[in-house]
Amino acid sequence: MSYDPIAIETKWQQRWEERGTNVLSDEQLRTAERPFYNLMMFPYPSAEGLHVGNMYAFTGADIYGRWKRLLGETVFEPIGFDAFGIHSENFALRIGTHPMELIPRNVANFTRQLRRIGAMYDWNHTVDTTDPSYYRWTQWLFLQLFHAGLAEKKEAPVNWCPSCKTVLANEQVIAGACERCGTMVEQRTLSQWFFRITHYAQRLLDNLSWIDWSESTRKAQENWIGRSEGAEIRFTVASPWQATPHTAAADAVDRARAYHRAHPGAGEFEQHLEIPVFTTRPDTIFGATFLVLAPEHPVVGWITTDAQRAEVEAYRDRAATMDLVSRKKADKEKTGVFTGAYATNPANGAEIPIWIADYVLMEYGTGAIMAVPGHDERDFEFATQFGLDIRRVIAAPGESDLTPLEAAYVGEGTVVNSGEFDGTSTAAAPALMTRWLAARDAAEPRVNFRLHDWCISRQRYWGPPIPIIYCDACGTVPVPEHDLPVVLPQVDNYKPDESGVSPLARVEEWYRVPCPRCGGQARRESDVSDTFLDSAWYFLRYPSARRDDVPFDAAITQRWLPVNMYIGGEEHAVLHLLYSRFLTMVLKDLGHIDFEEPFTTFRKHGLLIKEGSKMSKSRGNVVIPDEYIERWGADTFRTYLMFLGPYQEGGDFRDQGLQGPYGLLKRLWDSIVPVAELGNEVIAPELERRLHRTIRKVTEDIAALRYNTAIAALMEYMNALREGGRAISRAEVEPLVPLVAPFAPHLAEELWEQLGHRDGIFTGSNWPAFDEDKARADTVEVAVQVNGRLRARLQLPLGASEAQAREAAQADENVCRFVGESAVRKVIYVPDRLLNLVVK
RNA sequence: GCGAAAGUGGCGGAACUGGUAGACGCGCGAGACUUAGGAUCUCGUGGGCGUGCCCGUGGGGGUUCGAGUCCCCCCUUUCGCACCA
């Protein structure tokens, strides 16, 4: 009987299904004593089907889960589908099939493929984000945030493609143009729903210090949150704003007033106009020679002089229509316009000009900066271009206040040209000067974050409707929880149009609704929510997926969460993982759960390339798992994927590479089948030693996700087993079955059965224990060096003393030759490893 | 520009806190069995020559008895973020 992977795999997939091997009962969910929640990032079910990247990710996670199970833990390993979103909708539009028809078809195909790869998914606890029984709770989540004051509606700029008539995400804008039609993208301002994730910025940052995550992922989040310490400094507008109120647009004045109300530090608007700026370098305040405001800054219309008005308006119009991506290009030439107004530098009383320029962003800090061209590269470039003053206020060691600046000096040094602060070091100056400015009521210390509030509105069709109703009498009214879900209606024409309003607004019978509060005529919010909201809480839903009366069962959640191991792609290092953390914190604060970090351990997996180059449809080198599985079997394919490189770094997929892992499985089959009927025999001492070393190595490597070296160790042992062509005993080969089981679960089950075990290998604690004593050898090879160069390798008893080692070394012919007549001046001895004789 | 990671045979990749570089696999070479199969098995496989020595981990310096590993400078690649004040 030869190894027939397809037959074995079919048999065991059927068995698992019949026996419910991978399914957790309600009882287990409620009472498991050693629960282990093993999670992988759920896929977006594309029409192309499961690709090898998905399979790589899932297999690596599955191996970990199966290993935990062999250790006797109760492992919950669910899978689901992240099927809402622009991605699916655009694809549906292109091929002309409605998403409500397309998605179930894709999900069915994915399910078939996922069953075939041999992962131990619990198919009784799946999640589909497009199912009303799921998004009902996504909407519930929105309401919790709304009631907590963490959801607010405000205006924000978006990318707009005038040809596709739709809002684009930043990732869909390539070099200023729409990725699909190539039309130049514009900026539009729409009123949208935001979650106040910025309120949690500090906590999201702080917790990074203790969660067990891949280092690169933690760093990415840290950078994304972007904490900066500095000061907010207020500059008074000196002139001539009083002279021009009649020419300012009324709404600009209103917005300026509102802005000043929101920034209490900005002073009394009617008496004197103050512009607050954020800086991380308050120690350079004496070098601030002009201010720059973002073009959309609310006070611009108010301070601009008549003489400059036309030019300023033209610049603002241009900035307003430019797309958000190309505007933020750093290598673009600096542009800007003088407003005609001046502000007073609170440090030295100097009157400095106020400019507007698009290199200053409204969404960061206060939307205005004090420009210090001497010590900021961007300001230096701007000042050089427009002939503005450049002042040195920091001197590097060896420089004086008179050394000319040829470029911005951004390093450390000593304060100069700054009155009483001259001579202070840049280490001490920021705090000192902030305090000094604060005493004059012109500044206070401030911490700023790069993180922005999370815009969850999408003016599209394929998503969960945001559960809000607008009533002329009652205003913004949340949909009562008992009215959830707000079901996404079946709409034939779901294509977005010119208006920038969601297609749902065109569905009269859905859009018009009585106000839940007063019963009067009202209308629904027609935007749907971001796909990232669906995926930000799905891990909470899985264990409770069979409950339809609550989003998550309290007792089950208590037992199973937070997730013990989460494995996924680095591409979700920020958005998905950050949003999940944020929502978990919110749910904790609202008393729904008792933990605030959703994933105790997170590990990123690497990316696969094909024969040295990136896999892509255009290259035509995308690996489709189905073909390989058909030819080699899922076990070989899984094992190969894990063998081709370190899991957390990815690797190169080469067709010929499957041969090696196939050989391992085949040889395992060939050596077990003949001994299956035999009882346990005595194991050869040398093999026993190697066996226990192999058990130790495989155990440690799997725990650390070093699957490639775990497989290599199995191969090594298999080679040793076959050495010399002698007969293999059952005791020598049987332990390999559980060791290989995480990688090749079908084969392992079959062999386990043939070895006479009645229960499946994954239903008990069948992972072999390693015995340190048995792993130990009597003798070890010790390297002998003379002057650091290898001259001999000696077999010495384990734990040999230095004297013994030296004696053995001096008896070696080659060693003698190199030592010669010289005296040994120094001896370095690392027991059981190395002896180095220094004779120089 | 900032951040992260990485450069090792023909190729994918091993090498724990500095201690025998190249495990394991692919490929290749030779042989066996075969009548021609993308099968299986055995042996060999970093380079060089004087066959036990020399040279070898992107390049150049350094520390050390000893460096792929640590330090400094440079080059290259990949991946994030990118005018964040």
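Letters A, B, ... are given to chains in the order of the sequence lines, protein chains preceding strands, and every chain is numbered from 1. Bear in mind that the values here come from a model prediction, so they are computed numbers and not experimental data.
Of the residues listed (A:Phe278, A:Tyr359, A:Phe290), the one engaging A:Ile369 in a side chain to side chain contact (heavy atoms under 4.5 Å, CB included) is A:Tyr359, and it is the only one. Of the candidates A:Ile702, A:Asp701, A:Ile695, A:Val698 forms a side chain to side chain contact (heavy atoms under 4.5 Å, CB included) with just one, namely A:Ile702.
Across the protein-nucleic acid pair, A:Tyr662 atom OH and B:G38 atom P stand 16 Å apart, rounded to whole Å. Rounded to a whole Å, the CE atom of A:Met718 is 12 Å from the P atom of B:U42. Rounding to whole angstrom units, CD1 of residue A:Ile828 and P of B:A67 are separated by 12 Å. The separation between A:Lys604 atom NZ and B:A5 atom P is 9 Å, rounded to whole Å. We find that CG of A:Leu834 is positioned 16 Å from P of B:C16, with the value rounded to whole Å. Rounded to whole Å, atom P of B:G3 lies 18 Å from atom CZ of A:Arg218. If you measure from atom CG of A:Asp358 to atom P of B:C83, you get 11 Å, rounded to the nearest angstrom. Residue A:Met370 contributes atom CE, which lies 20 Å from atom P of B:C83 at whole-angstrom precision.
Partner assigned to B:G56 is none, using Watson-Crick or G-U wobble distances below 3.5 angstrom. Pair assignment for B:G68 gives none, since no Watson-Crick or G-U wobble pairing has each distance under 3.5 Å. As the counterpart of B:G29, B:C43 is assigned, both hydrogen-bonding distances of the Watson-Crick or G-U wobble pattern falling under 3.5 Å. For B:A15, there is no paired base (Watson-Crick or G-U wobble, both distances below 3.5 Å). Across every strand in view, B:G38 sits unpaired, with no contact that passes the Watson-Crick or G-U test at under 3.5 angstrom. Nucleotide B:G80 has B:C2 as its partner under the Watson-Crick or G-U criteria, with both atom distances under 3.5 Å.
Annotation: of the two residues near RNA chain B, A:Asn814 and A:Asn223, the 5′-most nearest-nucleotide partner is A:Asn223. Comparing A:Gly645 and A:Gly788, the nucleotide of RNA chain B nearest to each residue sits closer to the 5' end for A:Gly645.
Looking at the side chain of A:Lys334, the nearest of the listed nucleotides B:C26, B:A4, B:C83 is B:C83. Comparing B:C83, B:C26, B:A82 by their closest approach to the side chain of A:Gln656 singles out B:C26. Nearest nucleotide to the A:Lys614 side chain, out of B:C79, B:A85, B:A82: B:C79. The A:Arg722 side chain lies nearest to B:U42 when the options are B:U20, B:U42, B:C26. Side chain of A:Lys219, nearest nucleotide from B:C65, B:G3, B:G38: B:G3. Set against B:C65, B:C81, B:U20, the side chain of A:Val838 has B:C65 as its closest nucleotide. Among the nucleotides B:C26, B:G38, B:A82, the one closest to the side chain of A:Arg631 is B:G38. Relative to the side chain of A:Arg654, the nucleotides B:C81, B:G19, B:G12 differ in distance, and B:G12 lies closest. Comparing B:C54, B:U42, B:A85 by their nearest atom to the side chain of A:Arg789 picks out B:C54.
Glycosidic conformation of B:G60: anti, with the torsion beyond 90° of 0.
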Handout entry: side chain to side chain contact (heavy atoms under 4.5 Å, CB included) between A:Ile354 and A:Ile275, intermediate numbers included
Key = CA-CA 10 Å; A:Ile354 305 174; A:Ile275 298 176; 4.2 Å; yes

Exercise for the section: Go through the steps for A:Tyr662 and A:Tyr640 under the test ring pair (Phe, Tyr, Trp, His ring centres under 6.0 Å), then give the verdict. Expected result: CA-CA 8 Å; A:Tyr662 179 80; A:Tyr640 173 59; over 10 Å; no

Exercise for the section: Take A:Phe382 and A:Trp355 through the ring pair (Phe, Tyr, Trp, His ring centres under 6.0 Å) test and state the conclusion after the steps. Expected result: CA-CA 10 Å; A:Phe382 192 81; A:Trp355 286 64; 5.5 Å; yes

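A:Phe643 comes within 4.0 angstrom of a nucleotide base, judged by non-hydrogen atoms across all strands. At a threshold of 4.0 angstrom between heavy atoms, the contacts of A:Glu215 with the nucleic acid are absent. No engagement by A:Val784 is indicated, since no non-hydrogen atom pair under 4.0 Å with the nucleic acid exists.
A sub-4.0 Å separation between OP1 or OP2 of B:G3 and a side-chain N or O of A:Gln221 is absent. Side-chain nitrogen and oxygen atoms of A:Arg833 include at least one within less than 4.0 Å of the OP1 or OP2 phosphate oxygen of B:U20. At least one side-chain nitrogen or oxygen of A:Asn719 sits closer than 4.0 Å to the OP1 or OP2 atom of B:G25. Remark: A:Arg791 is in phosphate contact with B:C54, judged by side-chain N or O atoms under 4.0 Å from OP1 or OP2. Taking side-chain N and O atoms only, A:Arg667 has a distance below 4.0 Å to OP1 or OP2 of B:C41.
A distance of about 14 Å separates the C1' atoms of B:G61 and B:A67, rounded to the whole Å. B:G27 and B:C16: their P atoms are spaced 28 Å apart (whole Å). Annotation: B:C55 and B:G22 have their C1' atoms spaced 15 Å apart (nearest Å). Taking atom P in both B:G60 and B:G68, one finds a spacing of 14 Å when rounded to whole Å. Separating the P atom of B:U42 from that of B:G37 is a span of 24 Å, rounded to the nearest Å. Comparing the C1' positions of B:G56 and B:C49 gives a spacing of 15 Å, expressed to the nearest Å. To the nearest whole angstrom, the two C1' atoms, one in B:G7 and one in B:G13, are 13 Å apart. Nucleotides B:G38 and B:G46 are separated by 29 Å at their C1' atoms, to the nearest Å.
Applying a 4.0 Å cut-off to non-hydrogen atoms, the residues of residues 700-715 of chain A that approach RNA chain B are A:Asn708, A:Thr709, A:Ala712, A:Met715, listed by residue number.
Remark: the backbone N or O of A:Lys604 is paired with a side-chain donor or acceptor of A:Ser214 at under 3.5 angstrom.
Residue side chain A:Gln785 does not reach the base of B:U20 through any donor-acceptor N/O pair under 3.5 Å, judged by distance alone.
A cation-pi arrangement is absent between A:Arg581 and A:Trp224, since the terminal nitrogen or guanidinium carbon is not both under 6.0 Å from the aromatic centre and inside a 45° cone about the axis.
Heavy atoms from other residues, nucleotides or ligands lying under 6.0 Å from CD of A:Glu611 number more than 12.
Looking at A:Glu700 and A:Arg706, no side-chain N of the basic residue comes within less than 4.0 Å of a carboxylate O on the acidic one, giving no salt bridge.
Taking the side chain as every heavy atom from C-beta outward, A:Met370 and A:Asn345 never approach each other to under 4.5 Å.
The aromatic rings of A:Trp454 and A:Tyr579 lie parallel to each other, with less than 30° between the two planes, well short of the 60° mark.
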